[in-house]
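The analysis underlying the following values was restricted to heavy atoms, covering all of them including side chains, and did not include hydrogens, waters or symmetry mates. Here is the naming used below: chain letters follow the sequence lines, and residue numbers restart at 1 for every chain. Everything numeric in this text was worked out from a predicted model, so none of it was measured.
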Protein chains: 2
Amino acid sequence: MSAGAVKFETLKPVKAAQLIAQRVRDAVLSGELAVGDRLPTEKELIKQFGYSRSVVREGLRLLESDGLIQLQAGRNGGAVISSPNTERLVYGLDTILRLQSTTAAELLEAQRLIEPLVIQLAIDRATPGDLAAIRRTIELIEENPGDKDIVLEQSNRFHTLLGEAAHNNVMAIITTLMREVMIEMRYSGDAAEALIIARIHRRILEAIEARDVKAATRRALRHLEATECVMSTRPQAPRAAAEPGNVVALEKRGPARTPGRTPQH
Amino acid sequence: MSAGAVKFETLKPVKAAQLIAQRVRDAVLSGELAVGDRLPTEKELIKQFGYSRSVVREGLRLLESDGLIQLQAGRNGGAVISSPNTERLVYGLDTILRLQSTTAAELLEAQRLIEPLVIQLAIDRATPGDLAAIRRTIELIEENPGDKDIVLEQSNRFHTLLGEAAHNNVMAIITTLMREVMIEMRYSGDAAEALIIARIHRRILEAIEARDVKAATRRALRHLEATECVMSTRPQAPRAAAEPGNVVALEKRGPARTPGRTPQH
DNA sequence: CATAATTTGTCCGTATGTATC
DNA sequence: GGATACATACGGACAAATTAT
């Protein structure tokens with residue numbers, strides 16, 4: 001083979017913090033550490049990894065940001081292994097979609113394509129327990145149509161449980177991701193129509209219980225359409241004179257952090 | 001309303017590093033900063049944000065980990081805004097799926113459900129340019145059946161371009177995600193059957209060009225099945241006794257105080 | 001209730017490596 | 001090579017939070 005054909009990838013130096021985070025992540029994924037276990041203290045980690053405090057802390061920050069650990073100060077504090085939820089994924093997916101100027105219409109289309117698949121799976125596989133849990137979310141909305149928090153939470157939970165009833169975790173996560181990104185894109189609207197939501201959810205559930213694919217799909221899609229409203233008006237603010245320099249300004253919170261000394265008491 | 005019904009979410013203190021990262025991320029998403037722009041130097045950021053070097057650096061690490069900036073040392077170094085790819089998402093999704101003991105079978109099922117949708121979209125929307133690009137990946141494999149790197153890259157690119165031909169970025173990203181997680185789960189097998197892959201790809205492409213949904217779908221699903229092989233044997237085994245030397249033994253300390261429950265949903 | 005102990009959060013001075021001029 | 005500018009890394013000190021005693 002001719003020498004000129006060799007292609008080198010752009011090799012980037014691996015940062016120490018990434019290595020530390022990766023090491024812990026591997027330990028969790030391999031079962032060496034389980035959810036609920038605690039990492040050693042910073043002091044111990046510094047000894048074990050052989051890196052300075054700053055680097056170790058950067059690594060811990062990365063893990064915390066990934067949702068893989070939770071850090072807490074205080075006497076019995078420390079880093080506790082936890083199971084990440086989809087929050088970080090939503091952030092990442094949202095970022096990529098926006099930077100690629102993906103329209104909300106595309107997201108909606110993807111939802112409308114994939115939703116029927118989940119419904120079909122749920123109809124095939126939902127257990128009585130699954131259906132009961134779904135029904136409970138509807139009842140909670142009907143019982144508290146005025147409580148915005150409950151309505152939003154249970155409305156969300158309806159879809160989450162629908163995904164679980166499909167008994168395919170990948171499909172469940174994908175639909176959750178799309179739904180949460182959709183919520184990120186538009187401001188989560190006011191849920192004044194709580195009872196309407198409950199009614200739609202109930203009709204979808206009934207169709208699923210009746211094993212009626214067509215009706216369930218049709219109702220779910222109409223449910224999606226109802227959320228289409230504002231959609232097209234995404235804030236794609238033009239960059240106004242973005243000179244790299246004086247861009248950032250972050251307000252610090254109250255108590256002055258005077259770098260000097262503030263006596264304990 | 002009765003007072004007992006109020007439910008508080010577990011409120012976690014927002015760390016300064018997260019705030020900084022969030023601020024930069026918002027600036028990018030709002031168009032205030034564009035890909036290719038440079039952030040101020042650390043010293044400048046320290047002044048602007050009003051936080052210390054450590055905290056600013058933690059924030060930069062988070063952004064770097066998210067793929068939103070690239071850090072480079074040296075005279076004209078610094079933080080350059082870049083567009084994140086799916087790599088971080090793959091990591092995150094892979095982590096979640098493994099921790100939830102999701103089987104590769106579920107992932108494969110999701111792929112088999114969603115793949116036909118992409119193909120349908122591609123048949124409806126693919127431009128001659130799309131098809132030409134796809135065809136090129138096949139030819140590259142046929143011309144270099146011995147070059148493993150090229151075969152793997154172009155085989156992957158085939159699917160990526162197929163997603164792009166569907167002209168729905170969300171669907172494209174979702175299929176990419178699933179494919180890359182699938183690769184993470186099993187060791188990327190040897191591509192000895194390069195020409196077989198090329199042949200399958202070509203048959204799928206021909207069916208798409210012929211607007212033959214059924215044939216294209218059938219061939220794509222058979223293509224997926226071919227990768228099913230090893231699948232069921234995921235390495236869930238805890239790694240054997242850590243190597244002597246500098247491998248860190250992360251001890252399991254006592255049961256962590258449980259301030260609530262582990263956030264499952 | 002108050003104090004002390006423990007652990008993370010933050011700050012800063014300094015040194016080192018690296019890339020550009 | 002030397003000078004400069006920048007990220008990377010180190011280590012010690014103090015602040016704040018949390019809990020055991």
**Message:** Tell me every residue that passes salt bridge (charged side-chain N to carboxylate O under 4.0 Å, His left out) with E164(B), counting only those two or more places apart in sequence or in another chain.
**Reply:** none
**Prompt:** Which part of the nucleic acid, if any, lies within contact of K15(A), taking any heavy atom under 4.0 Å across all strands shown: a base, the sugar-phosphate backbone alone, or nothing?
**Reply:** sugar-phosphate
**Asked** Mind checking who dA5(C) pairs with, Watson-Crick or G-U wobble, both distances under 3.5 Å?
**Response** dT18(D)
**Message:** How would you summarise protein contacts on nucleotides 13-21 of chain C per nucleotide, using B for base, S for sugar-phosphate only and - for none, with heavy-atom distances below 4.0 Å?
**Reply:** -B--BBBBS
**Prompt:** Rounded to whole angstrom units, what separation is found between the CD1 atom of I20(A) and the C1' atom of dA9(D)?
**Reply:** 11 Å
**Request:** Using only side-chain N and O atoms of S52(A), determine if any of them is under 4.0 Å from OP1 or OP2 of dC10(D).
**Result:** yes
**Prompt:** How would you list, by chain and number, every residue that makes a salt bridge (charged side-chain N to carboxylate O under 4.0 Å, His left out) with R88(B), sequence neighbours excluded?
**Reply:** D66(A)
**Message:** Students often get this wrong, so: under 4.0 angstrom with heavy atoms, is S54(B) touching a base, only sugar-phosphate, or nothing?
**Reply:** base
**Complete:** side chain to side chain contact (heavy atoms under 4.5 Å, CB included) filter on I46(A), not counting sequence neighbours, yields R53(A), V56(A)
**Item:** Nearest-Å distance for atom pair CZ/C1', residues R57(A) and dC11(C)
**Value:** 11 Å
**Request:** To the nearest Å, give me how far apart CD (E44(A)) and C1' (dT6(C)) are.
**Result:** 14 Å
**Prompt:** Is the closest side-chain donor-acceptor distance between R179(B) and T160(B) under 3.5 Å?
**Reply:** yes
**Request:** Would you mind reading off the distance between I46(B) atom CD1 and dC11(C) atom C1', rounded to a whole angstrom?
**Result:** 10 Å
**Asked** Is there a side-chain polar atom (N or O) of R61(A) under 4.0 Å from OP1 or OP2 of dT10(C)?
**Response** yes
**Prompt:** To the side chain of L71(A), which of dC12(C), dG9(C), dC10(D) is closest?
**Reply:** dG9(C)
**Request:** With sequence neighbours left out, write down each residue that passes salt bridge (charged side-chain N to carboxylate O under 4.0 Å, His left out) with E106(A), or none if nothing qualifies.
**Result:** none
**Item:** For atom CD of E58(B) and atom P of dT8(D), their distance in whole Å
**Value:** 14 Å
**Prompt:** Under the salt bridge (charged side-chain N to carboxylate O under 4.0 Å, His left out) test, which residues partner K43(B), sequence neighbours left out?
**Reply:** none
